[in-house]
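Each remark here refers to the structure printed beneath this line.
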Amino acid sequence: MISITTKSPYAVLALAELARSGGAEPVPIGELARRRDVPVQFLEQLFAVLRRAGVISSQRGVKGGYRFARDPGSISVLEIVELVDGPLGRDASGVFGDAAEAARKVLRETTIADVIEREAREAGASMYHI
C-alpha cells in the first residue's frame with residue numbers, strides 16, 4: 001500500500017535545514033535537530049541511512065557534522081522517502097496503485113532544493129500578513 005511514516009518528513013525537513021545552513025562546512029546533527037525540533041537520536045538513525053546511501057557525508061571531531069555528498073538539486077524527495085520508508089506504493093493496485101503513482105510523480109519531481117525554495121516562499125508570504 002501507500003505508506004509514508006514520520007521518518008520521511010523529518011528526514012526531508014532536516015535535509016532542508018542542512019542545505020540552508022550548510023555549504024562547505026559540516027553542520028552538527030544536534031544543531032539540525034534543535035532547529036527542526038527533531039529528536040537527536042531519531043535524526044542520527046535517519047542520517048545513518050542517508051549517509052550509507054551517499055546522500056550526505058559525515059565528518060567526525062570537534063568541527064564535525066554532516067554535509068551533502070551530492071547537490072540538493074539532484075536529490076528527489078522520492079529518493080529520501082524510499083530510502084527511509086521503503087518503496088512507495090509497493091503492491092498497490094487499482095485506485096490505490098493510481099494514487100501511489102501520482103504521489104511518486106510529485107515526490108520524484110520535487111528536489112530538496114525545491115523544498116528549500118518553497119519554505120522560503122511560504123516564510124516570506126507569512127511575514128507580510130497584516
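Please read all numbers here as calculations on a predicted model, not as lab measurements. Position 1 is the first residue of the sequence; numbering continues from there.
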* Check the pair E82, R104 against side chain to side chain contact (heavy atoms under 4.5 Å, CB included), reporting the backbone distance first and the verdict last. => CA-CA 10 Å; E82 292 193 332; R104 289 176 59 79; 2.2 Å; yes
* To do: Please round to the nearest 0.5 Å and tell me the distance separating atom CZ of R51 and atom CD1 of I56.
  => 8.0 Å
* Structure fact -> Smallest heavy-atom separation, S3 atom then D85 atom, equals O-CB, 4.2 Å
* Asked: Got a second to check how far K7's NZ is from Q45's CD, nearest 0.5 Å?
  -> 8.5 Å
* Let me see the working for L32 and V38 under side chain to side chain contact (heavy atoms under 4.5 Å, CB included), right down to the final yes or no. => CA-CA 8 Å; L32 296 170; V38 179; over 6 Å; no
* Side chains of R35 and S21: is there a donor and an acceptor less than 3.5 Å apart? -> yes
* To do: Mind running side chain to side chain contact (heavy atoms under 4.5 Å, CB included) on I112 and I80 for me, showing each step along the way?
  => CA-CA 9 Å; I112 298 301; I80 302 307; 4.3 Å; yes
* Structure fact -> Between V84 and A11, the two heavy atoms sitting closest are CG1-CB, 4.5 Å
* **V27 vs Y66 side-chain heavy atoms within contact, under 4.5 Å** => no
* Asked: Less than 4.0 Å between a side-chain N and a carboxylate O, is that true for K105 and E101?
  -> no
* Asked: Between E17 and R34, does at least one N-O distance fall below 4.0 Å, as a salt bridge requires?
  -> no
* Which atom of P26 lies closest to which atom of G64, heavy atoms considered -> CB-C, 4.0 Å
* Asked: Any idea which heavy atoms bring P39 and A33 closest together, and the distance?
  -> C-CB, 4.5 Å
* Asked: Do the side chain of R118 and the main chain of E122 share a donor and acceptor less than 3.5 angstrom apart?
  -> no
* Kindly give the heavy-atom pair with the smallest separation between P72 and T111, and that separation in Å. => O-CB, 3.7 Å
* **salt_bridge(E119, R36) N-O dist < 4.0 Å** => yes
* Structure fact -> The reported gap from CD1 in I116 to CZ in R121 (rounded to nearest 0.5 angstrom) is 12.0 Å
* Distance from E79 atom CD to L107 atom CG, nearest 0.5 Å? -> 12.0 Å
* Can you name the closest pair of heavy atoms from A69 and G54 and give their distance? -> CB-O, 3.3 Å
* Between CG of L15 and CG of L50, what distance do you get to the nearest 0.5 Å? -> 5.5 Å
* Asked: Side chains of E25 and R67: does their closest heavy-atom pair fall under 4.5 Å?
  -> no
* pair F47-E44: side-chain heavy atoms closer than 4.5 Å -> no
* To do: Quickly, which of V55, V12, L83 forms a side chain to side chain contact (heavy atoms under 4.5 Å, CB included) with I75? Name it, please.
  => V55
* **Pair L43-Y10, side chain to side chain contact (heavy atoms under 4.5 Å, CB included): steps then yes or no** => CA-CA 8 Å; L43 194 54; Y10 277 136; 5.7 Å; no
* From L18 CG over to L13 CG, what is the distance, rounded to the nearest 0.5 angstrom? -> 12.5 Å
